[in-house]
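Computation of the quantities below employed the complete heavy-atom set of this structure, encompassing side-chain atoms and omitting hydrogens, waters and symmetry-equivalent molecules. These numbers were taken from a predicted model, which means no experiment stands behind them. Note that ligands are numbered from 1 as they come in the structure, with each ligand's atoms numbered from 1 the same way.
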Amino acid sequence: MRGKSTPLRLIRLLILDVDGVLTDGRLRYGAGGEIEKVFHVRDGYGIKAVQALGIIVAVVSGRSSEAVAQRCSELGIDELHQGVNDKSVSLQALLARHGLEPAQCACVGDDLPDLPLLRAVGLGVAVRDAHPGACAAAHRRTRLPGGAGAVREVCDWLLAAHERRPKHRRRAQ
Ligand SMILES: [Mg+2]
């Protein structure tokens, strides 16, 4: 685990990996070769809730699938980056587009392709069943594994931090 993270109340952008974070990492191939993914409904509720606070949610995946596009569309996630080889490129694009600093970002990952993000952002989170390399690069680790509510857990941290802020200062940043 890394040292101190950015205070949760300063996070303005939440970057999520797909496989192993929004899903349990297993890929199910249908008869026609299409890939099915299973998402957790409670993660969806958490994503909606942090969006309502004004936090931008982005999904950055090394793979590419129609199921992910559908899920993101359902959740109102405009920042969907699929088929990404180097996730730091997506991070730079996101920071530039939204005028943010890395310290204002949180990232949830589970494996080595997430390392550039976990190392760069203000709050790097590894899911419970993440690869040891991802755990070492992260500030925190969730109690729940990927695809089983880990993203909801992180959303709940952000929501709780927001609730603790004085009312007149909310949405001020
Ligand atoms: Mg992954």
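- A pairwise comparison of heavy atoms in L75 and Q51 identifies O-OE1, 3.1 Å as the closest pair.
- Apart from L117 itself, the hydrophobic cluster it occupies contains L13, I15, I56, V60, V84, L91, L94, L95, L100, V121, where clustering links Ile, Leu, Val, Met, Phe, Trp and Tyr at side-chain heavy-atom distances under 4.5 Å.
- Excluding waters, the count of protein N/O/S atoms less than 2.8 Å from the Mg ion (ligand 1) comes to 3.
- Every residue meeting the side-chain hydrogen bond (donor to acceptor under 3.5 Å, both in side chains) condition with D17, not counting sequence neighbours, appears here in chain and number order: K87.
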Tabulate below the donor-acceptor pairs under 3.5 Å that side-chain atoms of residues 144-160 make, not counting sequence neighbours, or state none.
unit_1	atom_1	unit_2	atom_2	d
R152	NE	D156	OD1	3.1
R152	NH1	R42	O	3.0
E153	OE1	R143	N	3.0
E153	OE1	L144	N	2.9
E153	OE2	R143	N	2.6

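- Other residues, nucleotides and ligands contribute only 12 or fewer heavy atoms inside 6.0 Å of the CZ atom of R26.
- No hydrogens or angles considered: a donor-acceptor pair under 3.5 Å links the side chains of E79 and H98.
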